[in-house]
Amino acid sequence: MSDISLTAFNLPRSIQWSAGELYLLDQTLLPHEMVMEKQLTIEQVWQSILQLKVRGAPAIGVAAAYGLCIGIKNHIELELNDFKNLVHEKATYLDSARPTAVNLNWAMMRMTNHMERIDASTPSLLYDALVEEAELIHAEDRSLCLGMGKTGASLIKDGVGIMTHCNAGGLATSELGTATAPMYVAQSLGKKFKVFANETRPLLQGARLTAWELQKSGIDVTLITDNMAAHMMATGNIDMVIVGTDRVVANGDVANKIGTLGVAILAKYYDIPFYVACPSSTIDMSTAHGKEIPIEERSSEEITTVMGKNIAPENIQTRSPAFDVTPNELVTGLITETEIIRAPYVQNLKKFFKGKKK
Ligand code: MRU
């Protein structure tokens with residue numbers, strides 16, 4: 001099979017870097033408008049991550065790597081040591097934009113570790129080397145997507161119904177997505193299948209983004225609300241679930257968009273395989289258990305409003321955890337760029353990373 005890309009599916013790229021300039025597709029405007037917004041400062045990139053203009057674990061990591069370059073490029077007149085301190089400071093700043101997706105921290109660590117490892121004699125050379133590293137992270141993310149696509153496509157049998165939650169698509173990455181990559185590859189192999197996209201309250205990434213990108217690419221997609229998931233499973237429409245993830249930890253517990261845990265529990269009840277597509281950049285071997293994953297709490301307006309319109313009484317108390325953690329025993333397999341990892345996760349994740357540099 002020849003390599004396939006987003007452009008073959010008529011889809012835009014969420015991140016563009018050219019001649020030292022960063023453009024992000026403003027995903028808060030989708031599906032109505034497609035606007036590439038130029039990022040002029042590191043503060044703007046931080047806000048774009050917080051406001052979900054760029055979102056999805058891998059895309060956040062790539063955007064932050066370039067964002068760091070934007071934050072340091074006007075400081076190359078500093079002394080080398082002062083410049084290096086500034087790079088650390090800016091990386092810590094960008095890392096603070098959102099806590100749950102490990103790719104953000106992973107990308108910042110990778111950039112600063114690279115800086116410490118190389119022997120650049122001037123800030124200007126260091127800046128060039130960091131741009132190259134950011135470009136490498138971006139290129140690697142593309143091939144991780146294709147890898148997951150090839151690994152996961154074998155699981156998609158002709159005629160199946162697949163449920164997905166949130167958007168782990170091309171928009172959330174640099175290429176074919178994570179959860180959607182097996183779907184794009186299966187589609188290009190001519191397989192017939194249906195995708196059911198959960199709308200994903202409160203911010204509707206399933207409706208605004210997944211339904212949009214799959215429909216645009218020609219994949220058979222049906223939008224449902226989150227509370228229809230059980231009914232769809234009970235009535236035999238769903239043969240498998242594939243979701244993405246913001247962080248898989250060493251015991252195989254999986255953080256993903258709020259609502260994923262409910263879908264996993266339902267899948268267990270109805271004996272439906274529950275797969276998680278995750279590139280190695282989203283696996284955090286330094287955290288032992290899912291309960292240690294920091295869960296982002298977002299503003300109450302995201303609960304009390306829908307697309308800017310108030311739907312709740314004034315001053316109502318709210319909670320807004322953006323992610324939940326699915327325990328490893330509900331996970332049938334982790335679709336990575338090279339293999340499907342299955343239980344026992346502690347041993348098999350260790351084996352996966354043996355020989356890989358992390
Ligand atoms: O809040 P978001 O939209 O950034 O949440 C995104 C998700 O939960 C995705 O499923 C996850 O990041 C995987 S993206 C390939």
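Start at 1 with the first residue, then count along the sequence. As the structure lists them, so they are numbered: ligands from 1, and atoms in each ligand from 1.
Using a 4.0 Å cut-off between heavy atoms, Ala168 contacts ligand 1 through both its backbone and its side chain. Counting heavy atoms under 4.0 Å from ligand 1, residue Ala322 does not touch it at all. In Thr245, the part holding a heavy atom less than 4.0 Å from any atom of ligand 1 is the backbone.
Surrounding CG of Asp119 are at most 12 heavy atoms belonging to other residues, nucleotides or ligands under 6.0 Å away. Within 6.0 Å of NE2 in His231 there are 12 or fewer heavy atoms belonging to other residues, nucleotides or ligands. Counting non-hydrogen atoms of other residues, nucleotides and ligands closer than 6.0 Å to NZ of Lys194 gives a total of 12 or fewer.
Using a 4.0 Å cut-off to heavy atoms of Gln205, the atoms of ligand 1 that qualify are 1 (O), 2 (P), 3 (O). For ligand 1, the atoms sitting less than 4.0 Å from at least one non-hydrogen atom of Ala172 are 14 (S), 15 (C), numbered in the order shown with element in parentheses. Close approach of ligand 1 to Cys166 (heavy-atom distance below 4.0 Å) involves ligand atoms 5 (O), 6 (C), 7 (C), 8 (O).
Distances from ligand 1 to the non-hydrogen atoms of Asn167 include at least one value under 4.0 Å. At least one heavy atom of Pro58 sits closer than 4.0 Å to an atom of ligand 1.
In terms of polar-atom proximity, defined here as any N/O pair under 3.5 Å, Thr173 makes no such contact with ligand 1. Where the criterion is an N or O separation shorter than 3.5 Å, residue side chain and backbone included, Ala57 meets it with respect to ligand 1. In terms of N/O distances under 3.5 Å, ligand 1 is not approached by Phe323. Checked against a 3.5 angstrom limit, the closest N/O atoms of Asn256 and ligand 1 fall inside it.
Checked by atom type, the side-chain pair Gln39/Ser48 shows a donor-acceptor distance below 3.5 Å. The closest side-chain donor-acceptor pair between Thr282 and Trp106, if any, does not fall under 3.5 angstrom. In this structure, a donor-acceptor pair under 3.5 Å is present between the side chains of Asn167 and Thr210. Side-chain contact annotation: Asn103 with Arg247, donor-acceptor N/O pair under 3.5 Å absent.
Using cut-offs of 30° and 60° for the angle between ring planes, the Phe9 and Tyr184 rings count as tilted.
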Take Glu140 and Arg110, measure what salt bridge (Lys or Arg N to Asp or Glu O under 4.0 Å) needs, and give me the verdict at the end.
-> CA-CA 13 Å; Glu140 283 174 11; Arg110 187 161 150 175; 2.6 Å; yes

Between Arg201 and Glu199, does a salt bridge (Lys or Arg N to Asp or Glu O under 4.0 Å) hold up when you go through it step by step?
-> CA-CA 6 Å; Arg201 266 287 283 158; Glu199 69 172 345; 6.0 Å; no

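Among Lys257, Gln27, Arg55, Arg298, the residue whose heavy atom lies nearest to atom 1 (O) of ligand 1 is Lys257.
Looking from atom 15 (C) of ligand 1 to the surrounding protein, the closest heavy atom is Thr178 OG1, 3.1 Å. The nearest heavy-atom contact from the protein to atom 4 (O) of ligand 1 is Arg98 NH1, 2.8 Å. Ranking protein heavy atoms by distance to atom 11 (C) of ligand 1, first place goes to Asp246 OD1, 3.3 Å.
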